[in-house]
Amino acid sequence: MQEKEKVQGFKYDFTFSQMKTMLFHSKKCPKCSGKLIKEKTSEIVEGKDVNSKSDPFFVSNLKVVHYGYIFRCQKCGCVLTLDELAKMHS
């Protein structure tokens with residue numbers, strides 16, 4: 001049995017355009033017009049990997065869960081990232 005890795009923080013990354021798309025725009029597949037289903041993704045990263053000059057919140061020796069979203073079409077199985085979907089709606 002695998003031991004769960006202990007994390008000390010979490011981080012979501014959204015631009016205004018991505019947040020607006022996720023909350024207000026219709027989620028239709030660009031290929032077949034099928035319904036896109038939102039799926040949450042995550043990865044455990046080192047705190048130093050998510051630090052930036054604009055967001056120096058995380059301490060470099062911490063484990064951080066970095067969350068994101070993808071959208072999968074129910075009909076054709078097409079997978080889009082939130083960024084790709086936001087670019088289509090802008």
Side-chain angles (χ1 to χ4, degrees):
M1 184 176 195
Q2 280 186 333
E3 189 176 317
K4 282 192 173 183
E5 200 168 351
K6 184 174 170 127
V7 296
Q8 292 93 10
F10 65 92
K11 180 176 176 88
Y12 286 91
D13 280 328
F14 297 113
T15 64
F16 179 73
S17 173
Q18 291 170 345
M19 183 63 76
K20 187 172 75 170
T21 299
M22 194 164 73
L23 294 175
F24 302 112
H25 288 237
S26 67
K27 314 305 183 293
K28 298 237 181 210
C29 178
K31 293 181 180 178
C32 71
S33 297
K35 183 178 179 183
L36 293 175
I37 302 299
K38 179 174 66 171
E39 297 177 11
K40 190 174 190 178
T41 63
S42 67
E43 64 178 337
I44 297 176
V45 296
E46 296 288 330
K48 65 183 177 193
D49 295 337
V50 293
N51 273 346
S52 67
K53 290 181 181 177
S54 64
D55 188 15
F57 176 71
F58 295 104
V59 180
S60 63
N61 60 350
L62 296 180
K63 298 282 185 191
V64 177
V65 180
H66 190 202
Y67 291 105
Y69 290 98
I70 61 169
F71 294 85
R72 187 179 311 274
C73 178
Q74 284 185 322
K75 281 186 180 178
C76 70
C78 174
V79 177
L80 299 167
T81 64
L82 179 57
D83 190 45
E84 292 169 335
L85 199 57
K87 287 177 182 175
M88 285 185 219
H89 289 289
S90 60

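Atoms considered below: every heavy atom in the structure, side chains included; atoms not considered: hydrogens, waters and symmetry mates.
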Starting from Leu23, can I reach Leu80 by hopping between I/L/V/M/F/W/Y residues whose side chains sit under 4.5 Å apart? yes
Apart from Ile37 itself, residues in the same hydrophobic cluster as defined by side-chain heavy atoms under 4.5 Å: none
Taking all non-hydrogen atoms of both residues, which atom of Gly34 and which atom of Cys73 are closest, and how far apart? CA-SG, 4.0 Å
Starting from the C-alpha separation in whole Å, work towards a yes-or-no answer on side chain to side chain contact (heavy atoms under 4.5 Å, CB included) for Thr15 and Asp83. CA-CA 9 Å; Thr15 64; Asp83 190 45; 5.6 Å; no
Distance, nearest 0.5 Å, that separates OG of Ser33 from NZ of Lys28: 7.0 Å
Can you tell me how far NZ of Lys87 sits from OG1 of Thr21, rounded to the nearest 0.5 angstrom? 11.5 Å
Hydrophobic cluster membership, Ile70 vs Met19, 4.5 Å side-chain cutoff: no
Shared ILVMFWY cluster between Tyr67 and Val79, side chains joined below 4.5 angstrom? no
Check for a donor-acceptor pair, side chain of Thr41 on one end and backbone N or O of Gly68 on the other, with a separation under 3.5 Å. yes
For Lys35, give me all partners under salt bridge (Lys or Arg N to Asp or Glu O under 4.0 Å), at least two apart in sequence or on another chain. none
Is a donor on one side and an acceptor on the other found under 3.5 Å between the side chain of Lys27 and the backbone of His25? yes
Less than 4.5 Å apart, side chain to side chain, heavy atoms only: is that true for Cys32 and Cys78? no
For the student: nearest non-hydrogen atoms of Glu84 and Thr81, plus distance: OE1-N, 2.9 Å
Check the hydrophobic clustering (I, L, V, M, F, W, Y; side-chain heavy atoms under 4.5 Å; chains of links allowed) and say if Met22 and Phe24 are grouped together. yes
Honestly, is Lys38 close enough over Phe71, meaning NZ or CZ under 6.0 Å from the six-membered ring centre and within 45° of the axis? no
